[in-house]
Amino acid sequence: MTPAVCGGSGLGLSVLLVGYSGSIASGQTVDVGSGLVEFVDQLETFEAVTPQPLGVEDEVSLGDVLSSVRDHHPKVRIAEQEVAAASADVRAARGGFDTKFSAKGRAAPLGYYDWGSARVGVEQPTSLWGATVQGGWRIGRGNVPGYYGQYETLDAGEWWVGAQVPLLRDGAIDSRRAKRTKAILALSGAESSFQEQLLELSLSATRAYWKWVAAGHKYQVAEQMFSLALTRDGQLLAKYRAGSGAAFDVAENRQLILSRQQARVRARRAFEEASYTLSLYLRDESGMPRVMSMEHVPLEWAFEGLGEQPLAEQDQDPRLKRALEQALRLRPIFAMYRALVEQKSVEVDLARNGRLPQLDLALEASSDLGSESDEVLERLEPFKVEGFATFSTPLQGRTLRGRLDGRTADLRSAEEKARWVRDQVMAEIRDAFSALRAASEVYGVAVRNASLAERLAASERQRFDLGMTTLFTVNQRERMAAAAQAKQVEATLLGHIARARWVRVQGLPPGETVLP
């Protein structure tokens, strides 16, 4: 059958009905039967159309879609780069503890004193109470003035080592250690955020997949209804021309063909739309979207639910209790907010540290190497140890108090956000379990309803063949059967989406089908 054939038949029927209405308005007597006979005599038999079968090529499974999301989806690539950026920040923060090499030279070639000095050294910050260790070598040559006596050394120079330890401020924590800890926590949060986004993206992909499958099965139902009307058209037209059928039945069935053709076009459009949506998640090796056809729709996609249980017993269901406990362990969003709270806690500790007085203790040991005149040897000690202490503190400290109050407020805010997210997840789990239970019940009813409606439609067709009923009644039965099949498809779709959501809210791997 082609659209042109249907369009021509519809136009002929419309002209017939218009002519009929005009005759009524003019008060003339109309022979409706002769008009239908003339109309039907001009009809040609439609070519029967076989519904497009499902799953004749490689069926696309949910696992295929989820694997494609994980390997090729742009949002996953974006999230991975965010994790890579956080990892780079950790390396940068650890650079605060890199060993530092320094070199310095000084010379006075003109003037009363002709002298020069050179110094090289290394400095190593540590995580041990904020201590810093140093060491190096220096040499001073020439006529070093007395007021620069610290630059004077023996002819082989002088080695020195030292350490500086903060006793109060920067002891338990300092900016370097805080930055490193916050970067590590940020990386942990980014990894958890990535996993949470992957779960959410997988749920969206699962929804798109099952909607695509449902659209394919609805399209097949529409094609089957269309094919039934086409097959019956040939039978009715043959019976009419053999003298054992009515012209009215032929014309009425032609109207059904046109109506069902419209439904078929709408179903095809819905399937194409679902295919384009699915292509955002199902991609080839190069990352390009793949648009699937009817041949790839799985033939079998039945939903296995929870079974019927009284809703009043939901809160006592052991599966719900296990899911609540499991979500607290597995949901990445909890780890993400734990990392956020710990970051804010580090900032509070650093702000408290800033309010402490600065009291640093430094020790340095040095020894000259080589030989020199007796006069120089008398001035230079062969080995010496020196100690230094520094103390400072702001008198008002308003900046530091304000900073501490602000960081404390940020911490409280993060804790409340974490508590709110926990409450949300618990509510989501209860709601997801309720939706899964309801979907199980609806699915069971829909399957029984579709089976019964199809039996009634088949029986009505047999009755029509025996002349015991009208074509109008057959059409009504078939419409009810098609509607029941569509509701079964919707119930199956609802069940699969409810199960996917139930898996997602617990933090289980995407595509998990076994209930805990």
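Worth knowing before you read on, the calculation uses all heavy atoms, side chains too, and leaves out hydrogens, waters and symmetry mates.
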Non-hydrogen atoms of [X] and [Y] that approach each other most closely:
X      : Y      : value
Arg94  : Ile184 : NH2-CD1, 4.0 Å
Val442 : Ala491 : CG1-CB, 4.0 Å
Leu199 : Leu508 : CD2-O, 3.4 Å
Ile139 : Ala156 : CD1-C, 4.5 Å
Val505 : Ala432 : CG2-CB, 3.9 Å
Val120 : Trp160 : O-NE1, 4.2 Å

In Å, rounded to the nearest 0.5 Å, how long is the span from [atom1] of [X] to [atom2] of [Y]?
X      : Y      : atom1 : atom2 : value
Met292 : Ser275 : CE    : OG    : 8.5 Å
Gln506 : Leu328 : CD    : CG    : 11.0 Å
Leu62  : Trp301 : CG    : CH2   : 12.5 Å
Leu340 : Leu411 : CG    : CG    : 9.0 Å
Lys182 : Asp89  : NZ    : CG    : 11.0 Å
Arg91  : Leu187 : CZ    : CG    : 10.0 Å

Does a side-chain heavy-atom distance below 4.5 Å link [X] with [Y]?
X      : Y      : value
Phe271 : Gln220 : no
Arg355 : Arg169 : no
Arg264 : Glu223 : yes
Val122 : Gln124 : no
Leu493 : His217 : no
Phe101 : Thr99  : no
Arg283 : Pro289 : yes
Leu350 : Asn353 : yes

Donor-acceptor contact below 3.5 Å, side chain [X] vs main chain [Y]:
X      : Y      : value
Trp129 : Pro166 : yes
Thr492 : Gln488 : yes
Tyr209 : Val60  : yes
Arg401 : Gln396 : yes
Ser434 : Arg430 : no
Ser87  : Val83  : no
Asp368 : Leu154 : yes
Thr206 : Ser202 : yes
Arg77  : Asp71  : yes
Ser279 : Tyr276 : yes

### Task
Run the numbers on Glu82 and Phe194 for side chain to side chain contact (heavy atoms under 4.5 Å, CB included), then give the verdict.
CA-CA 8 Å; Glu82 292 173 351; Phe194 168 76; over 6 Å; no
Under a plain distance cut-off of 3.5 Å, with no hydrogens placed, do [Y] and [X] share a side-chain donor-acceptor pair?
X      : Y      : value
Ser193 : Gln197 : yes
Asp64  : Ser61  : yes
Gln164 : Thr132 : no
Ser192 : Arg338 : no

### Task
Over 60° means perpendicular and under 30° means parallel, so classify the ring planes of Tyr151 and Tyr148, tilted if in between.
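Perpendicular: the ring planes of Tyr148 and Tyr151 meet at over 60°.
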### Query
Which word best sums up how the rings of Trp210 and His496 line up, parallel for under 30°, tilted for 30 to 60°, or perpendicular for over 60°?
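The rings of Trp210 and His496 lie parallel, inter-plane angle below 30°.
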### Query
Is the shortest distance from a Lys or Arg side-chain nitrogen in Arg322 or Glu325 to a carboxylate oxygen in the other one below 4.0 Å?
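Salt bridge between Arg322 and Glu325, a charged N being under 4.0 Å from a carboxylate O: no.
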#### Entry: Test: Glu196 and Arg331 ion pair at under 4.0 Å
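Yes, Glu196 and Arg331 are salt-bridged.
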### Task
Start with the C-alpha distance between Arg290 and Ser68, add both sets of side-chain angles, then the distance that settles side-chain hydrogen bond (donor to acceptor under 3.5 Å, both in side chains), and finish with yes or no.
CA-CA 10 Å; Arg290 297 171 58 195; Ser68 178; over 6 Å; no
### Within 6.0 angstrom of Arg329 CZ, more than 12 heavy atoms from elsewhere
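Counting other residues, nucleotides and ligands, CZ of Arg329 exceeds 12 neighbours.
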### Task
Check the surroundings of atom CZ in Phe391: do more than 12 heavy atoms from other residues, nucleotides or ligands lie under 6.0 Å from it?
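Correct, the count exceeds 12.
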### Derivation of the side chain to side chain contact (heavy atoms under 4.5 Å, CB included) call for Thr181 and Leu185
CA-CA 6 Å; Thr181 302; Leu185 292 171; 4.1 Å; yes
### Query
Between Arg412 and Glu416, does a side chain to side chain contact (heavy atoms under 4.5 Å, CB included) hold up when you go through it step by step?
CA-CA 6 Å; Arg412 298 292 177 263; Glu416 291 301 323; 5.6 Å; no
### Message
What verdict does the side chain to side chain contact (heavy atoms under 4.5 Å, CB included) test give for Glu342 and Val346, after you've listed the backbone C-alpha separation in whole Å, the side-chain angles of each residue and the deciding distance to 0.1 Å?
### Response
CA-CA 6 Å; Glu342 290 179 17; Val346 170; 5.6 Å; no
### Query
With Glu158, which of Arg141, Arg138, Arg119 fulfils salt bridge (Lys or Arg N to Asp or Glu O under 4.0 Å)?
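Running salt bridge (Lys or Arg N to Asp or Glu O under 4.0 Å) over Arg141, Arg138, Arg119 with Glu158 returns exactly one hit, Arg138.
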